[in-house]
Engineer: 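Sending over a structure as structure tokens; questions will come in a sec.
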Amino acid sequence: MKKVVFYGDSNTYGYDPRNYIPGRYPKEVRWIDRLQKAEKSRWEILADGMNGRTIPPDIFYGRADQNLPAYLPTDLFAVMLGSNDLLRTAHPDPLHVAEKMKNFMHSLQALSKRQEAERGRPFRLLLIAPPHSGGEKAGEEQMRLYFACSIEMNRRFGRLAEETGAFFADAADWGIDLAYDGIHFSEAGHRQFARQMENVLAQIEECLA
């Protein structure tokens, strides 16, 4: 059985935007739990999702990320971040976000080499470009700006994956249904995302065999 770690933000955590007090969808809704159930015979799945998480500047010194080495060894490390890096500023810059991701990916590659030195094998990286935030569903000019910037961010993430030799999945191509805020997955969106990730893991499993 292979092992994968999913590292992300509120959509990995399973945040339910319908609650005034920050809460989560129940386990039977969340994509990560659906995926665990579907893949229990083939993949050990760990998830680290945190509301509001941005791309860490350094995995070894970032306060929220000191636990990452504890996930080793693993076969695959999947990252889905970037949305909050755009949404937390009035002047979103997809080039800057892509550069932050590049630095983070390089840090993860260093962690992979550490695993190789200690365990005899590295892990592979999977970069997941998130669904586009905003757009017509939000209906506000600023959210349309975030939508346009997320398109460019995902394009750059795709090129980054090629440069670093990482697997790549663009979730913006999956038609994920979003909640009223145009940011978080709806219940249907969690179902869709889980199904798509099953396909992604199946393809990666063949490459790792």
Engineer: What residue among Asp9, Asp48, Asp85 forms side chain to side chain donor-acceptor pair (under 3.5 Å) with Arg53?
Structural biologist: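 For Arg53, the side chain to side chain donor-acceptor pair (under 3.5 Å) check succeeds only for Asp48.
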
Engineer: Taking the six-membered ring for Trp, are Trp31 and Phe6 closer than 6.0 Å centroid to centroid?
Structural biologist: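 So the answer is yes for these two rings.
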
Engineer: Under a 3.5 Å distance rule, please check whether Arg24 uses its side chain to pair with a backbone N or O of Ser10 as donor and acceptor.
Structural biologist: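 It does not hold such a pair.
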
Engineer: Do the non-hydrogen side-chain atoms of Glu205 and Leu208 ever get within less than 4.5 Å of each other?
Structural biologist: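 They are not in contact (no side-chain heavy atoms under 4.5 Å apart), so the answer is no.
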
Engineer: Is the number of heavy atoms from other residues, nucleotides or ligands within 6.0 Å of NZ (Lys102) greater than 12?
Structural biologist: no

Engineer: Quick one: does Cys207's side chain get under 4.5 Å of Phe167's, heavy atoms only?
Structural biologist: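 In short, these two side chains touch, coming nearer than 4.5 Å.
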
Engineer: Output yes when a side-chain donor or acceptor of Gln115 lies under 3.5 Å from a complementary backbone atom of Thr74, and no otherwise.
Structural biologist: yes

Engineer: Measure the NZ-CD1 distance between Lys37 and Ile45 for me, rounded to the nearest 0.5 Å.
Structural biologist: 13.5 Å

Engineer: Would you check if Glu152 and Arg155 make a side-chain contact, meaning some heavy-atom pair closer than 4.5 Å?
Structural biologist: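 Glu152 vs Arg155: side chains touch.
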
Engineer: Under a 3.5 Å cutoff, is there a donor and acceptor pairing between the side chains of Ser186 and Asp177?
Structural biologist: yes

Engineer: When rounded to the nearest 0.5 angstrom, what is the spacing between OH in Tyr25 and CZ in Arg18?
Structural biologist: 5.0 Å

Engineer: For Pro73, does its backbone N or O pair with a side-chain atom of Lys3 as donor and acceptor, under 3.5 Å?
Structural biologist: yes

Engineer: Any chance you could lay out the side chain to side chain contact (heavy atoms under 4.5 Å, CB included) test for Phe157 and Val97, step after step, and finish with the verdict?
Structural biologist: CA-CA 9 Å; Phe157 280 4; Val97 176; 4.2 Å; yes

Engineer: Give the C-alpha distance, both sets of side-chain angles, the deciding distance and a yes or no for side chain to side chain contact (heavy atoms under 4.5 Å, CB included) between Leu76 and Val5.
Structural biologist: CA-CA 6 Å; Leu76 183 67; Val5 177; over 6 Å; no

Engineer: Regarding Arg159 and Glu163, does a basic nitrogen lie under 4.0 Å from an acidic carboxylate oxygen?
Structural biologist: no

Engineer: Determine yes or no for a side-chain-to-main-chain donor-acceptor pair under 3.5 angstrom, with Gln196 supplying the side chain and Trp174 the backbone.
Structural biologist: no

Engineer: Do the side chains of Met197 and Ile128 get nearer than 4.5 Å, heavy atoms only?
Structural biologist: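 The answer is yes, as the side chains (C-beta and beyond) meet within the 4.5 Å cut-off.
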
Engineer: Return the CE to NZ distance between Met105 and Lys100, rounded to the nearest 0.5 Å.
Structural biologist: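 Going from CE on Met105 over to NZ on Lys100, the span is 15.0 Å.
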
Engineer: Nearest 0.5 Å please: distance from the CG atom of Asn84 over to the OG atom of Ser133.
Structural biologist: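 Result: 8.0 Å between the selected atoms.
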
Engineer: Got Arg114 and Pro69 here, is their nearest side-chain heavy-atom distance under 4.5 Å?
Structural biologist: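 Arg114 reaches Pro69 side chain to side chain.
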
Engineer: Compute both the distance and the angle, then confirm whether Arg124 meets the cation-pi test with Phe77: under 6.0 Å from the six-membered ring centre, within 45 degrees of the axis.
Structural biologist: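 No, a cation-pi geometry is absent between Arg124 and Phe77.
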
Engineer: Step by step, work out the salt bridge (charged side-chain N to carboxylate O under 4.0 Å, His left out) result for Arg42 and Glu39.
Structural biologist: CA-CA 5 Å; Arg42 297 190 301 176; Glu39 298 288 345; 3.0 Å; yes

Engineer: Salt bridge check: are Arg121 and Asp75 linked by an N-O gap of less than 4.0 Å?
Structural biologist: yes

Engineer: Give me the atom names and distance for the closest heavy-atom approach of Ala169 to Val200.
Structural biologist: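 For Ala169 and Val200, the tightest heavy-atom pair comes out as CB-CG2, 4.2 Å.
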
Engineer: What distance do Lys40 atom NZ and Leu35 atom CG have between them, rounded to the nearest 0.5 Å?
Structural biologist: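 The distance works out to 13.0 Å.
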
Engineer: Decide side chain to side chain contact (heavy atoms under 4.5 Å, CB included) for Leu108 and Val79; before the verdict, give the C-alpha distance in whole Å, the side-chain angles of both, and the deciding distance to 0.1 Å.
Structural biologist: CA-CA 10 Å; Leu108 289 171; Val79 178; 3.6 Å; yes

Engineer: Do Pro56 and Leu81 have side chains that get closer than 4.5 Å, going by heavy atoms?
Structural biologist: yes

Engineer: Quick check: does any side chain N or O of Asn11 sit under 3.5 Å from a backbone N or O of Ile183, one acting as donor and the other as acceptor?
Structural biologist: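 Yes, Asn11 side chain to Ile183 backbone: donor-acceptor pair under 3.5 Å.
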
Engineer: Main chain of Leu86, side chain of Thr89: is a donor-acceptor contact present, judged purely on distance under 3.5 Å?
Structural biologist: no

Engineer: Using side-chain heavy atoms (C-beta onward) and a distance below 4.5 Å, is Asn154 in contact with His132?
Structural biologist: yes

Engineer: Which atoms form the tightest heavy-atom contact between Thr12 and Ala47, and what is the distance?
Structural biologist: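 For Thr12 and Ala47, the tightest heavy-atom pair comes out as CG2-CB, 4.4 Å.
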
Engineer: Measuring centre to centre across the rings, with the benzene-like ring taken for any Trp, is Phe185 within less than 6.0 Å of Phe193?
Structural biologist: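 That pair passes the under 6.0 Å test.
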
Engineer: Under the 3.5 angstrom rule, does the side chain of Arg34 hit a backbone N or O of Glu28 as a donor-acceptor pair?
Structural biologist: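 Yes; judged by distance alone, with no hydrogens or angles, the pair exists.
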
Engineer: Find the distance between CD (Glu187) and CG (Asp16) and round it off to the nearest 0.5 Å.
Structural biologist: 7.0 Å

Engineer: Can Cys149 and Leu145 be said to form a side chain to side chain contact (heavy atoms under 4.5 Å, CB included), step by step?
Structural biologist: CA-CA 6 Å; Cys149 289; Leu145 173 61; 4.0 Å; yes

Engineer: Can you tell me if Thr164 uses its side chain to pair, donor with acceptor, with the backbone of Leu160 under 3.5 Å?
Structural biologist: yes

Engineer: Grab the two heavy atoms, one from Ala98 and one from Arg156, that are nearest each other, plus how far apart they are.
Structural biologist: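 Shortest heavy-atom contact: CB-CB, 3.7 Å.
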
Engineer: Give the minimum heavy-atom separation between Glu116 and Pro122, together with the two atoms involved.
Structural biologist: CB-N, 3.8 Å

Engineer: Show the nearest heavy-atom pair for residues Tyr13 and Gly49, with the distance to one decimal.
Structural biologist: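 Closest heavy-atom pair between Tyr13 and Gly49: CD1-O, 3.5 Å.
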
Engineer: Strictly by modelled atom types, are Asp181 and His184 linked by a side-chain donor-acceptor pair under 3.5 Å?
Structural biologist: yes

Engineer: Please check if atom NE2 in His96 has more than 12 non-hydrogen atoms from other residues, nucleotides or ligands closer than 6.0 Å.
Structural biologist: no

